[in-house]
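Since the structure comes first, as structure tokens, the remarks are kept for the end.
The chains referred to below are lettered A, B, ... by the order of the sequence lines, with proteins before strands, and numbering in each begins at 1. FYI, side chains are in, hydrogens and waters are out, and symmetry mates aren't considered; it's all heavy atoms of this structure.
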Amino acid sequence: MRVAVAAGPGRTALLKELADDGTGQGAGVLLNDLPDAVAGYARAGQVRWVWADTAETYPALLRAGVRVDRCHDVRLVGALLAGRDGGPGAAAGGAGGPAADRPAPGPGRLAAGQQAALFGPAEPGFAEVSTALDQLVAAHADQLRRIAADPHPGRFGLLAAVESAGGLVAAEMQARGVPWRADVHDALLASLLGNRPAAGLPPPRLAELASQISAAFGGRPVNPDSPAQLIKAFAADGVRIPSTRLGVLRDVDHPAVPVLLEYKELSRLHTANGWAWLDEWVSRGRFRPEYVVGGVVSGRWATRGGGALQIPRVLRRAVVADPGWVLVVADAAQLEPRVLAALAGDHAFAEAAGTGDLYQALAGAFGGDRAKAKVALLSAMYGGAGGEASQLLAVLRRRFPRADRYVEAAARAGEEGRVVRSRLGRSCPPPSAEWRGLTAEADDPDAAEQRARRSLRARGRFTRNFVVQASAADWALVLLGGLRRRLAALQDPGLDGSGPLDGPGLVFFQHDEVIVHCPEAAAGDVVAAIGAAAEEAGRLVFGDTPVRFPVSTAVVSSYADAK
DNA sequence: TTCCGTTGCGCG
DNA sequence: AAAGCGCGCAACGGAA
């Protein structure tokens, strides 16, 4: 059953049960306590909650101790549909669909601790909530129709479902938080940077390195954080460099270089994940980033603040399970090339992808060289053609023609200004007006023509990569939804007083990797759940394919010990 | 002073 | 080792 709900002041809400086609009967039912009502429905049977925005509604339910199994997020699904139909907001991703897909929020969000307000047709604000509910029901019914009208309604419907489930996972992960040992983090910083400096001052080690850098430039004062000053300083010593990138500096022969490289590495740690980050983002033993579902055009997630998807590897040792608990770290091995194998239906390629090490299985085609197989595949997926790649691509084309044709067709579509879609039907954004203008006129003066050609190629690389990256994101999202369902089943339903966040639960998701935090005794069940979810994801997204999507799992106390 | 484009680097 | 794709964030430095 589908039930639409629009929040009112406090814990109040208006609710309407929906028929299978999304239509509702009569006026909304007034609720004084939404969490209570949601829990009641859950006891009575399966419900898919229909609401405007999971990120707005669900956190308050979780705070009230109520979990929901399924939902339809009108904002997220609206963004998917807008992308497909070329509506406004198509590129907004997690930022929201067009106004038509986003019912006006009720006047009162569920504020924590707020008492249930008296609320009824006579109260101010009631009309707005009532209107919001009507708009929500209409938008949802419209979305169901548009999903059904897709060339692949089954796949696109699955995408809508897992995108919505992603919203639930994101809210739950933020509420749980990543277990984070501030003391371990602090000790690591101190060992690398010296003791914590007073606010605004550089750490001792950085100050020391900075003065060594100046000394290496003959005492000339140089701010090592300023690329412009560095380039000038090098030039004064007769060394001309185009930039101060790592790769450039590595090949420069100058006494400042080794010190500068160390400075850059430590400075990065200090500014991105130093004490200030620790203060701002870690509290009561948890790091709670805000996830943005569908925040990347390919369907990958983004985060807002905290840089959760760019946590440097060196900091993983600060991610430590609670006493008596463990982290189950799972990583989909070689996901993107496997996705390409399944997408293309290339028999020889798919057979190779039925094995544990895809690159090794393909090595035979490249003179037994696994590294060459890897370069060839990455070049095919990313559009690289430098150095040895073009030669390896020729091998790929000959031995695995369908895989080659698949990515080439995507690239051609991009160069022609068309849009491409992922396996489940997520659309890439259309080219910008600027791109169209730039690439429209064919025979221009040389410079303009060259710019146009560069834009064409860039767009081709984007769409070439999109079909793979976005389909991999499809798979990961289906895995995430299936894993969430299985983890919930692991909870002991008879356990009194346990909240929705107390048992085994997802605490981290990064493109092709998940972390589950769970009691030690549950680790075996969690590992099995991950394996089952991965198998299910392959089947649901790609149907009958010999391609396997193996997931490596590690049961560890610290994230640093995985892999 | 604030704003914004550029540079550089972390992650997949 | 870097490259081809996708991001977020911090610092710099010039513009407003």
Side-chain angles (χ1 to χ4, degrees), chain A residues 91 93-94 202 206 222-232 241-251 260-261 263-274 276-277 280-281 289-292 294-316 331-337 339-340 371-372 374-390 392-393 407 410-411 414 420 422 426 428-429 454 457-473 475-476 508-514 559 563:
Chain A
L206 285 184
V222 178
N223 176 0
D225 290 321
S226 167
Q229 288 185 31
L230 283 172
I231 287 173
K232 270 188 202 154
I241 49 173
S243 78
T244 59
R245 283 194 182 85
L246 231 51
V248 173
L249 286 179
R250 244 194 295 270
D251 299 328
L260 188 52
L261 293 180
Y263 178 91
K264 275 175 161 285
E265 186 181 346
L266 293 178
S267 170
R268 166 81 196 176
L269 178 66
H270 176 243
T271 55
N273 298 100
W277 183 92
E280 184 174 355
W281 292 104
E290 182 184 352
Y291 295 92
V292 185
V296 178
V297 288
S298 63
R300 284 180 169 187
W301 290 14
T303 55
R304 231 185 325 255
L309 302 183
Q310 296 97 237
I311 298 297
R313 300 180 74 95
V314 65
L315 272 186
R316 292 183 180 183
D331 181 289
Q334 305 161 342
L335 178 58
E336 293 194 352
V339 163
L340 173 57
K372 285 186 178 175
K374 185 173 176 178
V375 169
L377 268 180
L378 294 182
S379 301
M381 293 188 296
Y382 293 155
E388 194 182 21
S390 59
L392 297 175
L393 278 172
V407 288
V420 294
S422 74
R426 189 186 306 268
C428 79
R454 257 209 309 279
R457 290 287 166 78
R459 173 87 190 162
R461 284 194 302 273
F462 169 62
T463 49
R464 169 197 294 271
N465 183 251
F466 182 93
V467 292
V468 178
Q469 188 185 111
S471 298
W475 180 89
F508 193 58
F509 169 52
Q510 187 177 32
H511 313 314
D512 59 0
E513 184 180 359
V514 296
Y559 187 20
K563 289 204 226 190

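Looking at residues two or more places apart in sequence or on another chain, you find no side chain to side chain donor-acceptor pair (under 3.5 Å) involving A:Tyr291. Residues satisfying the salt bridge (Lys or Arg N to Asp or Glu O under 4.0 Å) test with A:Lys264, not counting sequence neighbours, are none. Here A:Asp225 pairs with nothing under the salt bridge (Lys or Arg N to Asp or Glu O under 4.0 Å) rule; sequence neighbours left out. Shown here are the salt bridge (Lys or Arg N to Asp or Glu O under 4.0 Å) partners of A:Glu513, two or more places apart in sequence or in another chain: there are none. A search for ring pair (Phe, Tyr, Trp, His ring centres under 6.0 Å) contacts involving A:Trp475 returns A:Phe549, not counting sequence neighbours. Applying the side chain to side chain donor-acceptor pair (under 3.5 Å) criterion to A:Glu265, with sequence neighbours excluded, gives no partner residue. In this view, A:Phe509 and A:Trp301 satisfy the ring pair (Phe, Tyr, Trp, His ring centres under 6.0 Å) rule, not counting sequence neighbours. In terms of the side chain to side chain donor-acceptor pair (under 3.5 Å) criterion, residue partners of A:Gln334 (sequence neighbours excluded) are, by chain and number, A:Arg338, A:Asp357. Taking the side chain to side chain donor-acceptor pair (under 3.5 Å) definition, one finds that A:Asn273 meets it with nothing, sequence neighbours left out.
Within the 4.0 angstrom heavy-atom criterion, no nucleotide atom of any strand lies near A:Ser379. Contact annotation for A:Asn223: backbone-only contact, meaning every heavy-atom pair under 4.0 Å involves sugar-phosphate atoms and none involves a base. A:Ser298 comes within 4.0 angstrom of nothing in the nucleic acid, heavy atoms only.
Place A:Trp277 and A:Glu388 on DNA chain C by their nearest nucleotides, and A:Glu388 ends up nearer the 5' end. Mapping A:Arg250 and A:Gly307 onto DNA chain C by nearest heavy atom places A:Arg250 closer to the 5' end of the strand.
Between A:Thr303 atom OG1 and A:Glu290 atom CD the span is 9.0 Å, to the nearest 0.5 Å.
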Distances under 3.5 Å between nitrogen or oxygen atoms of protein and nucleotides 7-11 of chain B:
from, atom 1, to, atom 2, distance (Å)
B:dG8, OP1, A:Thr244, N, 2.8
B:dG8, OP1, A:Thr244, OG1, 2.8
B:dG8, O3', A:Lys264, NZ, 3.2
B:dC9, OP1, A:Leu246, N, 3.4
B:dC9, OP1, A:Lys264, NZ, 3.2
B:dC9, OP2, A:Leu246, N, 3.2
B:dC9, O2, A:Arg268, NH1, 3.1
B:dG10, O4', A:Arg268, NE, 3.2
B:dG10, O4', A:Arg268, NH2, 3.2
B:dC11, OP1, A:Arg313, N, 3.0

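You can see that DNA chain C meets the heavy atoms of chain A within a 4.0 Å-exclusive cut from C:dA2 to C:dG13, reading 5' to 3'.
Classification of C:dG4 as syn follows from a glycosidic angle within 90° of 0.
Listed by first residue number, the stems of DNA chain C with at least three Watson-Crick or G-U pairs below 3.5 Å are B:1-12 with C:5-16.
With hydrogens and angles ignored, the 3.5 Å screen pairs no side-chain donor or acceptor of A:Gln229 with any backbone N or O of A:Val222.
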